[in-house]
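Reading through the structure tokens given below for one structure.
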There are 2 protein chains.
Amino acid sequence: MPSPARTQPHPLIRPSARSTGPSGARSAELAALDRIGVVITLRRDEAIFFQGDTAEFYFKVVTGAVRSCTLLADGRRHIGDFLLRGDFFGLNAGETYPFTAEAITEVTLVRYARRSVDRLMGQQPQLGRSLLAILCHDLLAAQQQMLLLGRKTAVERVASFLLQMAERGGTQARLSLPMTRTDIGDHLGLTTETVSRTFGQLKSAGVIALEGLHEVLLMDRDALGELAEAA
Amino acid sequence: MPSPARTQPHPLIRPSARSTGPSGARSAELAALDRIGVVITLRRDEAIFFQGDTAEFYFKVVTGAVRSCTLLADGRRHIGDFLLRGDFFGLNAGETYPFTAEAITEVTLVRYARRSVDRLMGQQPQLGRSLLAILCHDLLAAQQQMLLLGRKTAVERVASFLLQMAERGGTQARLSLPMTRTDIGDHLGLTTETVSRTFGQLKSAGVIALEGLHEVLLMDRDALGELAEAA
DNA sequence: CGTTATTTTGATATACTTCAATAGGGGTGG
DNA sequence: CCACCCCTATTGAAGTATATCAAAATAACG
């Protein structure tokens with residue numbers, strides 16, 4: 001079911017194709033994908049797709065950050081993952097997307113038509129392997145997140161999250177958190193307040209330092225690792 | 001802080017191959033797998049593999065039930081999933097298994113060598129698609145579990161779990177739970193006591209009935225659906 | 001059948017949430 | 001450039017769902 005316009009913080013504008021062209025891919029096998037990709041851009045808080053939309057496309061993040069959300073009937077929200085530069089998302093066995101994807105910042109994506117990917121996979125078996133590898137990786141990440149949500153304390157969750165973001169981000173000592181504290185809470189199964197207090201604790205302990213609201217310096221990575229109960 | 005797993009029999013015995021032979025597969029594409037599979041059986045609480053073992057094999061459950069567990073340093077345990085008849089597990093991008101797999105009951109599995117599967121995939125592109133579909137399905141299940149662990153109450157967790165097991169189990173009104181209450185707790189991010197109390201609540205409410213410890217009758221499936229906050 | 005593991009039930013403790021109020025920050029219009 | 005406003009974050013006080021601790025009841029098992 002294609003989603004009708006819904007009230008969103010920003011007037012809801014559907015992504016529109018802007019130009020076609022190659023962009024960097026993570027591996028040789030995936031480079032073939034670029035030939036069938038279309039670059040799109042979205043503004044902050046725009047939806048890329050809604051839960052329940054027909055799953056026609058597969059996406060890769062070029063710049064910016066995306067969140068994947070699901071909602072319960074009474075409004076409780078969960079953010080399954082944050083998608084950063086180089087991450088793929090939207091690949092799905094079912095007819096429809098099982099979650100909503102929204103731009104956290106202004107974002108540039110490459111969009112691949114599902115049928116084109118299917119066709120290409122027939123011609124290039126290596127592509128199938130690459131997608132298999134990506135899915136295995138995502139599944140592993142999901143398993144770690146389940147451990148976090150099921151069995152870790154607030155401090156352990158936040159510490160794990162920061163380390164994970166640091167690993168994904170590139171530089172090791174400084175990392176940027178484009179999302180809000182509420183987003184982080186909804187990803188870690190905590191409230192905004194608890195996230196804020198936990199950042200405060202880590203700051204007081206000298207483990208991290210904040211530079212503005214969205215930049216974190218890892219002052220003591222080992223200590224952070226221990227707090228995360230490294231798993 | 002969530003409690004460490006309590007006394008659990010630790011699996012000490014390595015699985016051993018017993019006999020060779022084909023077994024039923026879920027789809028035509030996967031039938032090809034059976035030709036390269038080896039049937040193995042394990043006793044209750046035996047480990048199929050340990051976290052960190054070299055990931056040489058891929059498995060399918062023929063009879064019985066398996067749990068996939070990860071442990072934190074202090075003993076807190078999380079069960080990522082229960083694997084039932086027809087479920088595949090152990091497929092993995094990495095060199096090693098990221099979790100331990102243990103037999104909950106006496107269990108019969110088919111074991112596929114990873115390299116054989118790889119080779120077969122080269123010859124039968126459809127196999128790759130089937131594995132892709134299985135992984136997508138697993139990923140979806142993981143996303144739902146993250147929502148459960150991150151945002152649902154104890155009653156919602158247990159209700160969701162029962163419905164999920166009912167769907168997987170076959171018959172709709174009666175379902176069997178071969179695992180212990182502790183296993184269920186470690187899967188749902190709860191303690192044994194909370195699981196037990198929640199079962200009690202559902203029983204008092206007339207939503208379920210217990211027949212022995214491991215058989216559940218769904219007396220009011222709609223009510224259970226509402227309690228699960230159907231998501 | 002006795003023995004041990006598992007489950008249930010009860011009483012208490014606590015980590016996190018909820019509710020409430022203040023403070024900061026970034027953009028916009030004057 | 002500054003002043004205002006709104007949104008986000010922080011901080012505080014009180015409440016609650018679930019964990020923990022403890023013990024009895026039930027089931028499993030040799």
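Every chain is numbered from 1 and lettered A, B, ... according to where its sequence line falls, protein lines coming before strand lines.
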Remember a base hit wins even if backbone is also touched, and classify A:G189 as base, sugar-phosphate or nothing at under 4.0 Å, heavy atoms. sugar-phosphate
Closest to side chain of A:E193, choosing from C:dT8, C:dC16, D:dT11: D:dT11
Do the ring planes of A:F88 and A:Y112 sit parallel (below 30°), tilted (30 to 60°) or perpendicular (above 60°)? parallel
Evaluate the side-chain proximity of A:T100 to A:S68: yes if any heavy-atom separation is below 4.5 Å, no if none is. no
Hey, does the Lys NZ or Arg CZ of B:R111 hover above the aromatic six-ring of B:F59, less than 6.0 Å from the centre and inside 45° of the axis? no
Extract all donor-acceptor atom pairs below 3.5 Å that involve side chains of residues 201-208 of chain A and protein atoms in other chains or at least two apart in sequence.
from	atom 1	to	atom 2	distance (Å)
A:S204	OG	A:G200	O	2.9

Expected list for residues 173-182 of chain A near DNA chain D, using heavy atoms below 4.0 Å, is A:T180, A:R181, A:T182
Is it true that A:K60 and A:D87 make a salt bridge, defined as a side-chain N closer than 4.0 Å to a carboxylate O? no
For B:F82, does the six-membered ring have the charged nitrogen or CZ of B:R67 within the cation-pi criterion, i.e. under 6.0 angstrom from the centroid and within 45° of the normal? no
Is there a side-chain contact between A:E102 and A:C69, using heavy atoms and a 4.5 Å cut-off? yes
How long is the line joining CG of B:D186 and C1' of C:dT6, in whole Å? 14 Å
Angle, rounded to 10°, between the helical axes spanning five pairs at each terminus of the helix from C:dC1-D:dG30 to C:dG30-D:dC1? 50°
